[in-house]
Every structure is written in C-alpha cells, then in structure tokens.
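Data block below; observations after.
Values below: all heavy atoms of this structure, side chains included; hydrogens, waters and symmetry mates excluded. Below, read A as the first sequence line, B as the second, and so on, with proteins coming before strands; counting in each chain starts at 1.
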4 protein chains.
Amino acid sequence: MGSSFGKIFKLTTWGESHGPALGVVIEGCPAGLPLTVEEIQTELDRRRVGQSKVTTPRGERDRAELLSGVYEGVTTGTPISLITYNADADSSKYDNLRTVFRPGHADYTYWRKYGHRDHRGGGRSSARETWGRVAAGAIAKKILATAGVEVYAFAREIGGITGETVDREAIEQNIVRAADPVAAEAMIAAILAAKEAKDSLGGVVEIRATGVPAGLGEPTFDKLDALIGQAMLSVPATKGVEIGAGFALARSRGSASNDAFHAENGRVFTRGNNAGGTLGGISTGEEIVVRVAVKPTSSIEQEQDTIDTDLNPQKITVYGRHDPSVVPRAVPVLEAMLALVLADLLLQNRSARIAWPD
Amino acid sequence: MGSSFGKIFKLTTWGESHGPALGVVIEGCPAGLPLTVEEIQTELDRRRVGQSKVTTPRGERDRAELLSGVYEGVTTGTPISLITYNADADSSKYDNLRTVFRPGHADYTYWRKYGHRDHRGGGRSSARETWGRVAAGAIAKKILATAGVEVYAFAREIGGITGETVDREAIEQNIVRAADPVAAEAMIAAILAAKEAKDSLGGVVEIRATGVPAGLGEPTFDKLDALIGQAMLSVPATKGVEIGAGFALARSRGSASNDAFHAENGRVFTRGNNAGGTLGGISTGEEIVVRVAVKPTSSIEQEQDTIDTDLNPQKITVYGRHDPSVVPRAVPVLEAMLALVLADLLLQNRSARIAWPD
Amino acid sequence: MGSSFGKIFKLTTWGESHGPALGVVIEGCPAGLPLTVEEIQTELDRRRVGQSKVTTPRGERDRAELLSGVYEGVTTGTPISLITYNADADSSKYDNLRTVFRPGHADYTYWRKYGHRDHRGGGRSSARETWGRVAAGAIAKKILATAGVEVYAFAREIGGITGETVDREAIEQNIVRAADPVAAEAMIAAILAAKEAKDSLGGVVEIRATGVPAGLGEPTFDKLDALIGQAMLSVPATKGVEIGAGFALARSRGSASNDAFHAENGRVFTRGNNAGGTLGGISTGEEIVVRVAVKPTSSIEQEQDTIDTDLNPQKITVYGRHDPSVVPRAVPVLEAMLALVLADLLLQNRSARIAWPD
Amino acid sequence: MGSSFGKIFKLTTWGESHGPALGVVIEGCPAGLPLTVEEIQTELDRRRVGQSKVTTPRGERDRAELLSGVYEGVTTGTPISLITYNADADSSKYDNLRTVFRPGHADYTYWRKYGHRDHRGGGRSSARETWGRVAAGAIAKKILATAGVEVYAFAREIGGITGETVDREAIEQNIVRAADPVAAEAMIAAILAAKEAKDSLGGVVEIRATGVPAGLGEPTFDKLDALIGQAMLSVPATKGVEIGAGFALARSRGSASNDAFHAENGRVFTRGNNAGGTLGGISTGEEIVVRVAVKPTSSIEQEQDTIDTDLNPQKITVYGRHDPSVVPRAVPVLEAMLALVLADLLLQNRSARIAWPD
C-alpha cells in the first residue's frame, strides 16, 4: 500500500533503484489533452543526475517511453503508462549493504518492515522513485495550464545561505536552482566546500503556484494545505513543510498576520499573503507559497557507527555517487508534487456545485 | 469529498458549528476492543471550550452519544457512530457575516467554492469540526495501547515564549498545556496581555509518540512523515509541520544530522533523534517527534479592512467568543491526529508480510 | 472496512438493528441542490416495515433527522448526515440467538469473522441497514433529476409468478410493487399461501433508469455493469444480478443479440436493448435494465437443524416479525442502489474530458 | 478513473490493444512470497490467443516481463510491475472503424464519453486488457495458496449445451474448458457450426474456490458477493452473475433453500450449498460457487446496420481475428477475478479483530 497519490488524477509509481526499470501509471487524466513524450522528457531532464559539479555522476539517461493513454498526440482518458529502463545501475558497490544499515537511510526500517528487501541502491526508498512523480507532474502541469495555473520552485536556502530575491528567470541559470543569482554563487561554494569535507548540506526549497483559481481544496482532510503536507513530506529527505508565513506565524499576532481583503475591477486580492494562498484549506486566488526543509544527504564518505542485521556494531563509510546536497535536484521533484496536488484538486472541484453560474 | 481520513481505520466527520449536531463515523475499528463512551468523553473534555480564562466561554458540554459499533462494552468490527448535539449555538451574532468576509477565515473561500454556505460560526470550517477527530482519536489511542504505543502533546511555544523542558506530568497541570511549568506562566501572561489588547497569539504544538514499533509507514506516498503532514495541516489554524529536527536540518550537515545506530540487549536505538523516529517514511522504534505551527486566532476585536459578497469594501470587527490563542485547545486535537495516523498504519502493517517470524 | 460506497458521491452507513440508532453520512453531494428532509422521508416511507399484510408488523416509524450539509433548504457541499432512532426494537426475542445460528442468516459468519457481535435482530447484517441506502438514494435521485434521469423498480417475479407487462403507474398501486397489475394479484396470493405454510418466497426485482446520458461508467473495473453488480449484490438476500437480456444472452447468438445502431434527429438509438443500456461498461443512452434475484426470507417458523457456538447440534424455529417475501420491500432499496451508482458516475464523468464542446 | 481494483492487494491495469504494450501494477502484495515470472507466465499462457480451432489466430506471445517488486525470487512488499509488448498488432484492418461503430462493441460509448479515442482493435475496451488481470491473478493465487485456498473455473454452458458433471481434471483436457468431457464435445461442435455460419455463441462460466476460510468479506458494500459482482461484471462480454443457486433461489422457498448447519470433528459444514459459500456477504467455509453469463462475441462476419460519427446510417461487416465464442478464454480471466477478490479480502480480514485467539 501507499504507492498511489491523488483521487481523480491519480498516479502509481513502481520500481527500484537497481531493478530493471521504473515507471508510473497515471489514471484519471481527462481525454483531449495534447501531450507528447518530449514534453514529459523536458521535465525529466531537469531532475536527471549527472548534471553538474554539485550533483552525482551516475549517468542514467532517464529516457521515458510512453506506452498507453495517448493516441495521435492527444490523451484518451485511459491510463497513461510511462517507463524508463535502468542502464547505469552498478550494484556491486552495494554488496556490503546487504547486512549493514546506513545511518540516515531507510535500510534498517525496510528490513524491519518487510523482512525481505532489495538493498541495492536503496531499492524502493531511493530517490530514483521520484522519476515517476516528475513524469506525472509534467502532465499535471499541462492540465493546470488549461486553467492558467503555473507552478515553479527554487532553492530558497542551502547550507544556511538564504536567497533574498525571487527572480524566476534566474532559477534555471544556475546549477543550484536559486532564484537569487547572488546567493546562488555562495550556495555553490558552500556545497563544494562540504563535498571537499566529505560532508553534505541541507536546505529549503520554495514552491509556488500562480493563477490558481479560488476554490481548490476539499475540506476537511483534503484541504489544500493538508495535501501539500502529504505530497511534500512523501519526497525523500524532506523533514518539514510550511505554507505562507508558516512557522513565523507562530510568533506573530492576529492583527499582523490576517491578510485584509480588497477588490479591484471584480478581482479579489489580499494585502499581504501570510496565508500562502489558502484559507480554510481552500485556495484564495493569491499565489500559493510553500517551503520544504530538505535534510543533508545521508550518504557521506565518513566513517559512522552503525549495526548489522545481527545487531552487531559496525563501522560504515558510504562510498558511491551521491549529491553533496540534494536541494538542487529536489527542486523539480517538489515542484511536480505541487502540480500533482493542484491538478487533482482542480478536477475534484468540478463536482463542488450542482451547477455553475453562467 | 475530503471528509474522510485513513485507509483501514477510517473516520468521516460531519456537521457544522451551528447546525443541529456534529459527529463522526469510524470504520475499520477491529472487533474485540473494550470501549466505553466515558473513555471517549474524557478525551473530548480536554478539547472542550470554556475551560479557563485563556479560552472562549462558549458553553458546549460536547456530550458524546455512542450509537453503534459497540456491544456490551466491546467493539464489534462494525462502524462506530458518535454524535453530539449543539446546545449553546448563538447564531444571531453571525447575521452580519452572511455577506461580509472575515479576514483570515474561510468565509470567502467557501463562498467561492460552493456558492451556497452555512455562514454561522464558520459553518463546516469551524474548529468545532475537530470534535469528531478527538472522539475518533480516543479510540485510536486504545488500539495503540494494545501495542504499547502512547501519544502525548503539549504547547512548545506561545507568543514567542518557548518551553525548554519536557515534563509530561506538567502538561495538564497548567491551562496552556505547556510541558515546562515555568514557561507556562509566561505563556499565560502573554495570552492575557494579547487578550487585553484585543489581539491574538500563535504558537507551536509538539506531538510525540512512544513505544512505536519499527515498521509503521507505507512507502511512498503514505510514508509516516507524509501522513503526519496531511493529518496536522488538515487541522484549522495550522500552517507548518516538521518532524524531528525539521527545519533545523536545513541548516545542518550530514555528519551532524545522521543518527547513528546501536543495539542493546536485542533492541535497536539511535544516538540522537534528529530524524524524529522515521527513516524512509517508516518508524524506527525511536520516539516520534512532530511540531506544528499554529497561527494567531483570526477573530480579533479590532477593525479590519475587508469586502462583502458584492466585492464592496467593508470594515469588520469580529466580536464573539474566541480564544486569544488556540494553541492550548489545539494540543488534544493534534495529539488525536497523530494517534489516528499511527493506529491506521499499525493496522495497515498487518499486511506487510505474507508471514511473520515466530 | 466496507461500509462506504461511491467515489465522489460517497455514502457511509452505520448502525445495528437493535442499537440506539442507524444512519448514513453522504460525502460529495454538490452544493446548490434544493433538498428537504420531507423528500427523503417520502422515499424512506416506501421501504418502511408494517406496510401491508405481506410485510412484517415491526412498527418503526423510520423518521429521518437531517443533521448537516443542508442550509436554508439547499445543500452546501459538506457532508450530509441523516439519522433515525430505533424505537420498536424488541430484543428479548433474540436472547436464544446469542449462541445458536439461524440457517441462511449471517449469525455464524459474523461470529467467525469478528468473535464479538451484536446478535440482536441480526445486528449489522439486518436489512434495517438499508435505511441509509434509501435515504442516500433519495438525494442521488435529486442529483439525477437535474440531468433528466429517472430510476424506478418493480417486482418482476415472485414465487415463480412473472409479471409480463410494465405499467410504471401500477407499481405503487399494489402491495407487492409489481408493474403488472394482474400478476400482482397472483403474487399476493402466493405470498399469503407461503405465510400460511410458515414458509417464504423469493423473486426477481427489475430496476430501470431512463434518460441516462451516454458516457457514464469508468472502465475498466468501475464499468457501469460492474458497479451495478457490486451495488445490487451488497443488498441483503440478493444472490444474482443481470443486465439487459443477461443470462438469456448465454443462450443467444451474436447475430441475434447485437443491438443495431440507428439515429433520428441527431439522437442515437439501438434497435432492441439486449445490452440493457451499456456497451463496454459505459451507458449508451438507452434505458438501463437490471434484474436482481432475491432469495426467500431465511427466517421461517419451521424447525430447522443447526448448531450452537460450541458446535453442538440444535433445533431452531425462528419466530419474530418477518416478511414472508422481502421482494416488495427490496424494490425501493434496489432502486436506491441504481440511483447511487448513476449519481456517482454522473459526477465522475465531469472529469472525462479536459474540455467539453460548446 | 476506474482502472484499479482492490483495497489492500490492489491492481491497476493499463494499455490498449494496439498500443506499444500493456501491463499491470500490483500494490499491496505482502513481502516474503516466493514468486517467479514463469509462474505468472503459466497462467498467462492459459488466456493466450491462438490456442485452438475455436479461438482467434492472433499470435501474441504475451510474454511477461517482471520489472519490480520481486528480489531474488521473493516479493519485497513494493509494487510489482508486469508488462508485455504488443507484437502481432495489425492495425490496418481497423482503419474503417475510425468513424463507424460496431454493434455490441464499446466504439460508440467511448466516442461519446471521451471524444478522442484509440479505435484500433477496441483500444482500451479490448479483451486484451485482461492480460493484466490474469497476471495479477497468478500472484493472488499464490497468496491464497498460503491459506489453503484454490480457485478454478470451467465452461458450464456454451450455446445452450450444459455440462452436467464437474470433473476438475477434465477442464484443461478439452479446448472449451468444460468440466464435463462429454458436453465438451457438443460445445466444440456448436462453436464450429456457429463459426461456419459466421455467427457467435454465448455461454456460462462457473468459478469456484475451495478451502476458503470462514470470515472473508467486508459488510456491507464490500460483501464477498458484492465484490464478486463487481469483479465478474468488469470483464468484457459478461452480462450476469449469480452466486450459489442464484436466480433459481428466486423460484424457491425458504424451507428448501436454507442450508442447515452441522459440525463434524470441530469443523462446520452446511447441508447443501444454495448460498454458494457466503452468508451475509461473508464466507462460510463452504465452496464458493459463482456463475457468469457471457454474451456471444459481438464481432461477426455478417452485415449489420449501424451509424458513423456523423450519425449517418452505415452497413458494417466485422472482419478480423475473433473467437466464435469467448467462453473458453473467459475461463482463466474470471478465475483470476475470483482469486483477486479473495486475496484482497484475505488480507483485509487481518484487521477484523484486535487480537486473534491462540
């Protein structure tokens, strides 16, 4: 259980890091949406490994095959299956992990839960699983585009360095995907220093959506905030999520934190956006603003204490091809997650009223 | 859609703040669990209004009726229905809210989503909806107790004042439910000062679970972290959630944040608990630690700018019976949410293996 | 698990035959639907007991209370809770059933499944559970009416006597709810004879829907046929379901059973309706035609062989207030089930296309 | 929506008849089950086309690739992905079907529902979709085997010829999969005569399960009967389902149809099995007996009246590679469906009680 997400636009991911292939099946994509595998590949290329000096050199091409649900370049309303075959999986490096648990990884918990596990490269718990999320997110974005919604994300903070400005154009211009080109340079330097020290860095990714119509979100357990919470914290290495002013609101006062309503030319706005675009778990029409805490990469080339499957103490040094910070590559994944949440809620909202005013 | 939570142990809440009644139906509670309505009432009394000088004087007794699913004091495996009739609902105060939107509330978003709404007391978006969550949470706790799991929560921070110690016994001894009795006094003073200033305060609730067996959580979208994210952010007034060291991990290094494994007498531990009791979205056996950001109460007796249903500008001052900080009353609700997540995952985990070792 | 039905328009029933109350919660009813409790009561009165000489004299008034989801006579999009308190439950007659299993009833299977059960009046397995289905069905019918869909049902066959004509007006004019007034008299006589002989009769209920737009049904597991199969066979005492010509098609040839398409004035028809209004699990626009086999009432005042909870042989004679044939009262229940299936699929179909032609 | 089935053991099928590939993803298969792709292939070979003179000559090898969820021959608890590439798809024959609707097929209803469709070979509505069901069913059978449950099926009736005996060994010894070897010869003759006449035949498949423990089935909407109803009627060409004595019960009396309980050596039996192994929607421990009506193949090489997408009248003769009766090939598919229902309910039942007696 647990490999599916969404109620109408629903994805199911499958596959292990070092198995033959990974993939995703998307149910509930409406018919009539123009869609090509190239559009999906463009998004997948953004999360791909081996992109720069701050990422792992594992050379997967991550080529997507589109196997169903699209005919003559248009969706048919039937399930969309996307698959990628693993090519550059070198499992030999993982032989020692069959019996020894890496600190900070899911090795131990999978072993306790399932008894039998594919330990190679983290198996199912590997971030390679996010391939399917990004592929599905590419389709979600196309659905959202029909309603004028755009989703984007960037590295807000890495290793304690915080971007101060948000220049959306800058994001894909630097290898850490910061929206502040000045901070980007400092972030890159911090990552390289951590790499040199055989250590790793965490950070904060900020994800936003513009053009979101008011009304998305299903009270009370599928509030927009709640689904964002689930979506973001289902991504490997995330340990926190906040919406709008988030934890800063805990230190605020009602008189300062309430966003006043006003209207101009028939459109409603709020002064300020402490709420991050939601009230009562339903979108207001303001920009959706989410921030996610990403922990430092657990794999480090330093000796650490651990145990083995016989519960004997062991020392472990995790060699391999690891990102010194996963923040840059988490950006397109978390962006995809917001797209998935919004696309599903957009479709769910079609049932909110028995009839819509003309 | 959206009023249900859980896959096996599943609750559905219903009811509006000023409707005739509120309730919850719980499906999937296993048969054979001793359960009385008094046990449920004990938990409900903790969230009840009118408890102290820092909470609203609305005098609902919140009396639960147990209408199904229990026979001769033991659950039967059939749905459990719990209901409470609203008694002290004074709707007259809300007449002006029929057409004017309170800042920070769901008035505007419900109006945009549904067109037709029960505006009285926030209707469905009122925190009164949490009655059913706490009632269901009481049953979840009993299920958890059969596995040795205990859940508790406390006010970690209110109005910028942070509790430093965690004395579990102290929590119910002070009216803000802080685990640090010294900080509790300062928090109370801060709330009373805000009340005097016709303002409100936010804070942070910390929720923990002890005795959680390793193995709970369903990769990849129903990771323990992900369901905690959904559960917590589905509660009114919450705007952020973090697990373990949470956002602090964003500023940490792998060498500092990885929790090393060790074992003693056949039991596995970690040194430190930055992960908050989960790895790869599955419980490790360590204490689950969650913190939730609660925003300041949106209802304040100060004049604020807003609009009405014709989008004309209006001034509004929200009178009524409101908590100057909802943190103390959010404690049992958020505690219930963690219990609900864990009870469901405990039952889901029964299917993790085809057979369990003797 | 198992007490919910539907994906968007979703109902959850709860309650035992001799518990304090029974009820239903309906999620996903769109906002803006005019709805009164009287409309619901009208449908409930049709399934009520004590209606005639062919039904049980148990005198429940089955009065519905509407507790949420409707404000000022219009639905709000939030969950609708309906409840009825049991009044005429006489549990004393069931004391001997605590340890002895009635043949043909669920006593034994509930005991094996749950260990602990409410044996009084069948507990959860009682047909009283269908109260909530009929209540929810009344709302489903109102949703369907907005799309021009009507659902009706009648006793097609009782005790081997088959109605030959379908006069929709006749149905509620006779106490067995046959659509053939002549056959109705023979059916009544057969039931009274069976009652006299302390025996019971089965029969066939036919359920139809007119005005169903083409396109309802979700391939492949939620085909219209499949959901009809689930819905009908979830009703107590049903043991078979067929659509269109059904089992007769097993003895037919393709040249005879295919319904040819033709069109008139822009509307598509089929010549004949062997398919019963569905092709590939999707509605064609023709009338939906379903027939359901109902077994003879299991409770009969004749001595039967059985066992007790110690597996010792026992004799049992089931006294009490039982219908000699449940067919007449099954009519509104099965009618409700078709309405529930169609209303949910109508709402699901809103997501079939990314955009609809003007 | 609608391409998934099951709550714990859940499959999602994808793929079109003439797309690049078809497949299935299975979630919720417990870890620790030995499983090889050869075992799955054995079941797939049973449903494969081109098997005999009574089936279509389309030559798909239906080779399964196992892409995830199994490591070192044992399931890991993660999703199992199975895929087969289409090889012998000759789409040119279907060019005329782009605009003309075949009677008895889903061409028209898909067109009305989705607007845009893959018309080649029926696209998603093709019986090729059942490939994934049989693949998943093979796994379900292995789960069931761990509990001593076996599922089998056979042609009970074809073209009006009914098998009278049930010799389980005989089933795979004749090309129509009848359990009565004498009737098998008559069925074969009938099919060949229909083929000669360019016509097609329907029939009845009987599906049974032995060794089913008492207690499977989830009241009230997921009763064993209800899920069987959904499962069977989700298979192409089915138009009716009955359990136990089924429709014959409609003509019976309670005194004749109740199955009396007795016990021997601590095991409970019923005298007779009119109920088909379920009471109140929960298994009794007796054999599960289900019969499904299969309509005659819709594709016949005779001229039929129909319309095109402009609603103009057309004549159509359906050439191509079609089974004159799909009953023989429906046998393994319907058998798989019962296995899928039972495996899921077996896992669901693990949560029926808080604790099981030792």
Side-chain angles (χ1 to χ4, degrees), chain C residues 1-2 5 101 103-104 106 109 112-113 115 125 129 160 199-200 202-204 214-215 218-223 225-226 229-230 233-234 239-243 246-247 249-255 257-258 260-261 263 279-280 282 284 293 295-298 300 302 305-307 311 348 352-353, chain D residues 1-2 5 101 103-104 106 109 112-113 115 125 129 160 199-200 202-204 214-215 218-223 225-226 229-230 233-234 239-243 246-247 249-255 257-258 260-261 263 279-280 282 284 293 295-298 300 302 305-307 311 348 352-353:
Chain C
M1 299 176 80
F5 186 75
F101 305 123
T109 51
R112 286 294 298 268
K113 185 177 186 72
S125 71
E129 180 270 339
D199 214 333
S200 61
V204 173
E218 297 291 323
T220 65
F221 296 104
D222 294 345
K223 284 173 174 161
D225 308 63
Q230 181 187 5
L233 292 175
S234 75
K239 294 305 276 189
V241 59
E242 60 181 10
I243 292 160
F247 276 88
L249 288 172
R251 289 119 213 172
S252 182
R253 296 184 153 239
S255 56
S257 61
N258 282 348
F261 289 109
L279 285 173
I282 301 173
T284 60
K295 71 175 183 177
T297 316
S298 299
I300 50 173
Q302 297 187 28
D305 288 327
T306 190
I307 53 170
L311 308 194
Q348 287 192 45
R353 299 192 190 187
Chain D
M1 298 176 81
F5 185 75
F101 305 122
T109 50
R112 285 295 298 268
K113 185 177 187 74
S125 71
E129 179 271 340
D199 214 333
S200 61
V204 173
E218 297 291 323
T220 64
F221 296 103
D222 293 346
K223 284 172 173 161
D225 308 63
Q230 181 188 6
L233 292 176
S234 76
K239 293 306 277 189
V241 58
E242 60 181 9
I243 292 159
F247 275 88
L249 289 172
R251 289 118 212 174
S252 181
R253 297 183 153 239
S255 56
S257 60
N258 281 348
F261 289 110
L279 285 172
I282 301 173
T284 59
K295 72 175 181 177
T297 316
S298 299
I300 50 173
Q302 296 186 27
D305 288 325
T306 190
I307 54 170
L311 308 194
Q348 287 192 45
R353 300 191 188 189

message: Can a donor-acceptor pair be found, under 3.5 Å and without considering hydrogens, that links the side chain of D/Asp225 to the backbone of C/Leu233?
response: no
task: May I ask you to name which of D/Gly280, D/Ala260, D/Ala250 has the most heavy-atom pairs under 4.5 Å with chain C?
output: D/Ala250
query: When rounded to the nearest 0.5 angstrom, what is the spacing between CG in C/Asp199 and OG in D/Ser252?
result: 8.5 Å
- request: Mark yes or no for whether D/Lys113, through its side chain, and C/Gly215, through its backbone, hold a donor-acceptor pair below 3.5 Å.
  value: yes
query: If you count heavy-atom pairs under 4.5 Å between each of D/Gly240, D/Ala293, D/Ala226, D/Gly229 and chain C, which one has the most?
result: D/Ala226
- prompt: Where does D/Arg253 contact chain C at under 4.5 Å (heavy atoms): side chain, backbone, both or neither?
  reply: both
message: Is any side-chain heavy atom of D/Gln230 closer than 4.5 Å to one of C/Asp222?
response: yes
- request: Return yes if some donor-acceptor pair links the side-chain N/O of D/Ser200 with the main-chain N/O of C/Gly254 below 3.5 Å, else return no.
  value: yes
- request: May I have the step-by-step check of side-chain contact (heavy atoms from CB on, under 4.5 Å) for C/Thr284 and D/Arg112, ending in yes or no?
  value: CA-CA 8 Å; C/Thr284 60; D/Arg112 285 295 298 268; over 6 Å; no
message: What's the separation between atom CG in D/Leu279 and atom OG in C/Ser125, rounded to the nearest 0.5 Å?
response: 9.5 Å
message: Tell me which of these, D/Glu129, D/Gln348, D/Arg353, has more heavy-atom pairs under 4.5 Å with chain C than the rest.
response: D/Arg353
- request: Against chain D, label C/Ile300 side chain, backbone, both or neither, depending on which of its atoms sit under 4.5 Å from a heavy atom there.
  value: side chain
- prompt: Given a strict heavy-atom distance threshold of 4.5 Å, which part of D/Lys223 is in contact with chain C: side chain, backbone, both, or neither?
  reply: side chain
message: When you compare the side chain of C/Thr220 with that of D/Ser234, does any pair of heavy atoms fall below 4.5 Å?
response: no
field: Toward chain C, the part of D/Leu311 with a non-hydrogen atom under 4.5 Å
entry: both
field: Step-by-step side-chain contact (heavy atoms from CB on, under 4.5 Å) determination, D/Lys239 to C/Phe247
entry: CA-CA 7 Å; D/Lys239 293 306 277 189; C/Phe247 276 88; over 6 Å; no
- prompt: For the atom pair CZ (C/Phe221) and CE (D/Met1), what is the distance rounded to the nearest 0.5 Å?
  reply: 14.5 Å
- line: Taken to the nearest 0.5 Å, the spacing of D/Ser255 OG from C/Gln302 CD works out to 5.0 Å
message: Quick check for you: to the nearest 0.5 Å, what is the distance between C/Asn258 atom CG and D/Asp305 atom CG?
response: 11.5 Å
task: Could you check which of C/Ser257, C/Gly202, C/Ala263 has the highest count of heavy-atom pairs closer than 4.5 Å to chain D?
output: C/Gly202
